[in-house]
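Note that the coordinates shown come from a computational prediction; the quantities given were computed from them, not determined experimentally. We name chains A, B, ... by the order of the sequence lines, and we start the count at 1 in each one.
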Amino acid sequence: MKLIPCPICGERAEIEFAYGGQAGLVRPPPTATEAAWGAYLYSRENPKGALRERWRHIHGCGRFFNLTRDTVTDKFIP
Amino acid sequence: MKFTFDGRPYEARRGDTLAAALIRNGVHLMGRSFKYHRPRGVLAAGAEEPNALVEIDRGGARRTPNLRATVVEVFDGMVARSQNRTPSLRFDVGAVNDLLAPFLPPGFYYKTFMWPIGAWAKLYEPLIRRAAGLGRAPDLPDTDRYTQRFAHCDVLVIGAGPAGLAAAAEAAAAGMRVMLCDEQAEFGGSLLSDPAAAAGLHETLAALFANPRATMLCRTTAFGIYGDNLVGLAERVTDHLPDPDPALPRERLWQVRAKRIVVAAGAIERPLVFPGNDRPGIMLGDAARIFATRYGANPGRNAVVVTACDTGADVARDLAASGVRIARVIDLREGFRVTGTSGRLRVSFIGIERGGAREKIPCDLVAMCGGWTPSIHLYSQARGKPRFDAALGAFVPDTEVSNLICVGACAGDMPGAYRAGIAPVSSEGRAFVDFQNDVTAKDLELATREGFRSIEHVKRYTTTGMATDQGKTSNINALGIVAGALGATIPEIGLTTFRTPYTPVTFGTLAGHSRGDLFDPVRTTPMHQLAVAAGAVFEDVGTWKRARYFPRAAEDMHMAVARECRMVRDSVGMFDATTLGEIEVVGADAAEFMNRVYINAWTRLAPGRCRYGVMLGENGFVMDDGVVGRLAPDRFHVTTTTGGAARVLAAMEDYRQTEWPELRVWLTSVSEQWAVIAVQGPRAREALLPLVDGLDISAAVMPHMSVVEGTFLGIEMRLFRVSFSGEMGFEVNVPADYGHAAWEAISARVGACQGGLYGTEAMHVLRAEKGFIIVGQETDGTATPDDVGLAWAIGKAKPDFIGKRSLTRSGMSGPRRQLVGLRTDDPATVLEEGAQITATTDDNRPLGHVTSAYGGATVGHSIALAMIESGRDRLGATLQVRMPGRAIAVRVTAPVFYDPEGARLDA
């Protein structure tokens, strides 16, 4: 089980966290085009390598935060 | 110590394994192989043993199958039995398979059980299932206790042989927190079978045991390495004790987070592959030496040592020193070949050949020295990539793994005598590679001829390496044979994946305390015991227990629900609504936050009023609903569905923290803080009036959809005027600790008003008569607000809310499934929820399905709700509900069957 660095609580076991998917998605305004809104809803990166992603320390402080993880090695990249 | 094996009494010495004790008693036949039921003795002396699997019976539920006799410690009074034999180990009718061996090649399942297809369920599968498995699974619930511990350390050393002990001693001397674990009952590993090492071993162990920063765990197997240096250890606490203290757990799971891991797992000796290499009395050279020197249990009187490396001479020397006559040492490197063996239940002769000269040598022990394989299981689990070392004839650690090192034999660090390369193979006759699964060298060669190239495919086709020992003694030999047959090198063939666990771990250890009531803890409301006392029948809703109905004397569910419904419509009923999720949304921007999260408009909702809120996902589909009360300009009391509470709060937090951090708003779950009692029916006000400490709850002051803070018999109260039944109704919120008392007080008043209790089933019928949806029943994650008739709730003037943009995506308009009601011709016919609906019986295109169906307690006929394509355009049409073998004609109606004007709500 991985250790995940929470910015508030420090390193804690993975079981305390909820995964939040790809980070940095910008929620388009209601005037967004069909394509832009569709991409926001359904298109996600699936890189082999560094992925910026969201985590939430749901069984701890509750804080959302972003981390970069290498999807090949499953290690977080500082 | 005394013990029995298959009912016969034997004596053992303290410290014996079952295998050692049986060998000292002259018993070599300990098991039968899986496929051919061939008689087998021990191959090894440790955890890699594939043959000698036994059952230990401590009475009742405490019967454990498939234990390796080489690691089971004998205790006084132990009852052990052999497995996979009928009627006895010496005479096993299953051995007929051995005679049929020519007809049972690898893949014989796939080749034989092809047709007729109908024979699978009735004939083949029961036959195969009877033949499968070695031991008998216990048939009673496990009565033992298992515990789990978490630990942190600077260094975890796995394996207490010479390398592991040196590492632990050094780390401890440097002041580090050290944990040392070993799967055996004693620390020392190979030092335990070397009398000259005893004094030094004693000294090292004494220092470690005296060090308060060192944790010493014997009988503890490191079975898996997981992310970021988390190691799973299975500690066997009481299995070796004749009469364990009931306060002790049977096993303990350790989850150790180690800053550094030192793997000192040692190496495993390889058998030699020659015809008849599986008879009892034929074992690994090191095993023979361990039985003779460590346990004082000579495994034979007259031994032949067959070797492919220099360690054969050491084995012969130590066996001779223990009093075993060495008939011959046969070094395969000198051109010898083993032609076969004889002896039905124990080896009696071994045949050899060199340069055409054949010889039969009488013996009762054959020691095989086929070279050594480093135990890289844990290194490999930690994502280390090994490389093939041809001189060793095995894989050794290569790539670096952060904060993990391998030391000693498991790192390939072995003296030259151990370096055998891959030993030559004599594959004529039946030369076994995987002993437990009865895979021979010929089987592997056949698999390559049938087209299998990758070792992963050969493994699955022949089952080599797939037995309970997971190929610990067989993998390298199998790789060598497959590589030879394909004319390839071993690295080209590949290496099978090392998976956890290293050796079998009991389900009990992994489950720990999470069994029975603690497996999935049940949530009950503060009024639960009162519902039990009232005779409630409960249903599970998420992890909650909810009272479904309250049957009286001879009532069945249908009668009880009908009575409860009539009671609510005619007088008053009370209902436990505590399980609903409750969230307080507080702050200067609370209304703006609510505007963005819910489809409704909240800005103009006055304090003291309530609104039915609908929440969408960004995809525009209904996610949750519930009544929201505005307590103050900056404070909302939000209710959610019972099952959706956590999901809704998580979604709200996500938007609050990551989308709109500028909003001054705070979210607090108060689901556990409030007990909620719904009081519904025309006499609800009359029932509550004496309890609310003079609060004016008249229709003029407290109309439908209002909320007020007051006191209930002196207790803090939030009183909602809301209804999910269609009747005038209230929901009394009191602090959870007062739920029990409030329920009793209301119960007395409701009784005085000719009312009583009702459960979730009546609640469902009452709401369905009113056409109120249940999220997750009418909706399935693809319903928009308009689909379920809730378009009126959308705040049209709002610039944005979660899911708003999706509602205008293409495909979200057009012919969609819409909520309607259904009536059957026969008022007594109750449709089946989930049933598919078509236009005619000739047309099989589904138009939708039944989402809710009930007898209909007060409207005089059965009712159903359904989601039907363009349903609102079909009002009055007749459709067909398709059932197995028949169809039920239904008429499409509006979804509200009772009081469509809502006059009763405003009473």
Handout entry: From A:Arg69, A:Gln22, A:Arg44, residue fulfilling side-chain hydrogen bond (donor to acceptor under 3.5 Å, both in side chains) relative to A:Glu53
Key = A:Arg69
Handout entry: Nearest-0.5 Å distance that lies between atom CG in B:Asp786 and atom CG in B:Leu807
Key = 9.0 Å
Exercise for the section: Give, as side chain, backbone, both or neither, the part of B:Gln657 having an atom under 4.5 angstrom from any heavy atom of chain A. Expected result: side chain
Handout entry: Centroid-centroid under 6.0 Å between A:Tyr19 and A:Trp55 rings
Key = yes
Handout entry: Straight-line distance of B:Glu582 CD to B:Gln673 CD, nearest 0.5 Å
Key = 9.0 Å
Problem - Region of A:Ala18 in contact with chain B, defined by heavy-atom distances below 4.5 Å - result: neither
Handout entry: Segment of A:Ile4 engaging chain B (4.5 angstrom heavy-atom cut-off)
Key = neither
Practice task
Go through the atoms of A:Leu41 and report whether side chain, backbone, both or neither lie under 4.5 Å from a heavy atom of chain B.
Solution key: side chain
Completion exercise
The interface call for B:Arg383 against chain A, heavy-atom contacts under 4.5 Å, is side chain
Exercise for the section: Counting only heavy atoms closer than 4.5 Å, note whether B:Asp654 contacts chain A via side chain, backbone, both or neither. Expected result: both
Handout entry: Minimum heavy-atom distance A:Lys2-A:Phe76, with the two atoms named
Key = CE-CE1, 3.6 Å
Problem - Sole candidate of B:Arg596, B:Arg656, B:Arg664 that passes salt bridge (Lys or Arg N to Asp or Glu O under 4.0 Å) when paired with B:Asp589 - result: B:Arg664
Handout entry: Interface moiety of A:Arg56 toward chain B, non-hydrogen atoms closer than 4.5 Å
Key = side chain
Completion exercise
Under 4.5 Å to a heavy atom of chain A? For B:Tyr655 that would be side chain
Fill in the blank from the handout: Whatever's closer than 4.5 Å to a heavy atom in chain A on B:Glu653 counts as both
Handout entry: Backbone N/O of A:Phe17 and side chain of A:Arg12: donor-acceptor pair under 3.5 Å
Key = no
